[in-house]
Amino acid sequence: MGDPAIASFELRQLRAPDAEAFRALRLAGLINAPTAFGASPAQEVARPIETVRALLDAAPNAVFGAFVEGRLVGLAGFFRHDGDKARHRGQLWGVYVDPAVRGRGVARRLVEAVIDHARRHVAILEAAVSVGNDHAGALYSVLGFEAYARHPAALMVEGAFIDEILLRLDFRA
């Protein structure tokens, strides 16, 4: 359940100077929860740090981080789709919380930060959750996301196919 002494955390949007901390926690997530992400550890390691810095400063896209005693312990990202016909949609991505601080509301606050940010930039926020990731699915449901499809074999991890549930939060409603 994590360290009971952890009672609070700081939440803020990450910027270019946070790139190394972002990459380290993102890599930990890709290693520790391989079925939860579309990217692989090898992809993250191969990405130049300059690209990571640019990602963190690419408005209106955003990555939010949770910090405990100055240490990055949680992530959640948002990107708006490109193109005239798709820019009304955005994507929640990369939600990960260090196992040592889970169960403290960190993931919820991170996803809420993405929702608040997305509401100012898109009409619809989309997400995907791997089948079997019941905690994430329950969190997204509580926050208003609705499932609209199942993507069979969306990921292949170590030879196993993983389905994803596609979700959306419609701000127009």
Side-chain angles (χ1 to χ4, degrees), residues 1-3 5-30 32-33 36-39 44 47 51-82 86-130 133-148 164-173:
M1 183 59 97
D3 182 351
I6 297 171
S8 65
F9 52 90
E10 173 195 2
L11 187 78
R12 67 174 172 81
Q13 187 173 342
L14 301 182
R15 298 293 185 191
D18 300 305
E20 288 82 5
F22 166 84
R23 173 185 258 165
L25 188 58
R26 172 100 171 127
L27 186 57
L30 297 175
N32 294 331
F37 300 102
E44 188 61 37
R47 186 166 39 168
T51 303
V52 176
R53 287 186 185 105
L55 167 80
L56 296 178
D57 280 343
N61 301 335
V63 177
F64 294 89
F67 294 81
V68 172
E69 297 176 359
R71 184 175 67 89
L72 184 62
V73 297
L75 301 168
F78 163 80
F79 75 84
R80 184 175 70 189
H81 291 281
D82 291 330
R87 67 177 39 171
H88 66 285
R89 296 174 23 243
Q91 183 76 32
L92 168 67
W93 66 273
V95 179
Y96 180 73
V97 175
D98 184 316
V101 297
R102 289 184 187 162
R104 309 266 182 231
V106 175
R108 182 183 181 115
R109 290 267 317 278
L110 285 164
V111 174
E112 287 172 341
V114 168
I115 290 169
D116 290 343
H117 181 82
R119 188 183 314 275
R120 295 189 304 270
H121 298 284
V122 295
I124 298 165
L125 180 61
E126 300 168 335
V129 63
S130 299
N133 190 347
D134 297 335
H135 290 292
L139 172 62
Y140 299 158
S141 178
V142 164
L143 293 176
F145 284 88
E146 295 180 347
Y148 68 91
E164 284 186 331
I165 304 299
L166 305 180
L167 309 163
R168 60 184 277 164
L169 179 57
D170 192 334
F171 297 125
R172 299 171 302 163

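No experiment lies behind these values; they were computed from the predicted model shown.
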For V97, does its backbone N or O pair with a side-chain atom of R102 as donor and acceptor, under 3.5 Å?
yes

Atom NE2 of residue position H88 - does it have more than 12 heavy atoms of other residues, nucleotides or ligands inside 6.0 Å?
yes

How far does CZ of F78 sit from CG of D116, to the nearest 0.5 angstrom?
12.0 Å

For R15, is there any backbone N or O sitting under 3.5 Å from a side-chain donor or acceptor partner on D18?
yes

Of all the heavy-atom pairs spanning A36 and N133, show the shortest one and how long it is.
CB-ND2, 4.1 Å

Under 3.5 Å: donor-acceptor pair, side chain of H121, backbone of N61:
no

Any non-hydrogen side-chain atom of F67 less than 4.5 Å from a side-chain atom of L14?
yes

Gap separating the CZ atom of R119 from the CG atom of L125, nearest 0.5 angstrom:
9.5 Å

Which value, rounded to the nearest 0.5 Å, describes the distance between I124 atom CD1 and R168 atom CZ?
4.0 Å

In Å and rounded to the nearest 0.5 Å, what is the CG to CG distance from D98 to N32?
8.5 Å

Testing the basics here: between F9 and R104, what is the closest heavy-atom pair and its distance to 0.1 Å?
CE2-O, 3.9 Å

Return the orientation label for the F145 and Y140 ring planes: parallel under 30°, perpendicular over 60°, tilted otherwise.
tilted

With distance as the sole criterion, is a donor-acceptor pair present between the side chains of E126 and H81 under 3.5 Å?
yes

Note: P60 and H117 closest approach over all heavy atoms is O-NE2, 2.6 Å

Given side chain to side chain contact (heavy atoms under 4.5 Å, CB included), test L143 with R108 step by step and report yes or no.
CA-CA 8 Å; L143 293 176; R108 182 183 181 115; 3.8 Å; yes

Once you round to the nearest 0.5 Å, how far does CD of E112 lie from CZ of F64?
12.0 Å

Between V106 and L110, does the side chain to side chain contact (heavy atoms under 4.5 Å, CB included) criterion hold? Intermediate values first, please.
CA-CA 6 Å; V106 175; L110 285 164; 3.8 Å; yes

Indicate the atoms forming the closest heavy-atom contact of A19 with R53, along with that distance.
CB-CG, 3.5 Å

E146 CD: over 12 foreign heavy atoms closer than 6.0 Å
no

Residues E10 and R109 bridged, charged N to O under 4.0 Å:
no

Can you find a pair of side-chain heavy atoms, one from L30 and one from Y96, that are under 4.5 Å apart?
no

What one should report as the nearest heavy-atom pair of L25 and G74 is CD2-N, 3.3 Å

Applying side chain to side chain contact (heavy atoms under 4.5 Å, CB included), run through L56 and F22 and close with a yes or a no.
CA-CA 9 Å; L56 296 178; F22 166 84; 4.2 Å; yes

Between atom CD of Q13 and atom CG of D57, what is the distance when rounded to the nearest 0.5 Å?
8.5 Å

Check G90 against V122 and note the closest heavy-atom contact, atom names and distance.
N-CG1, 3.7 Å

Can you find a pair of side-chain heavy atoms, one from E20 and one from V52, that are under 4.5 Å apart?
no

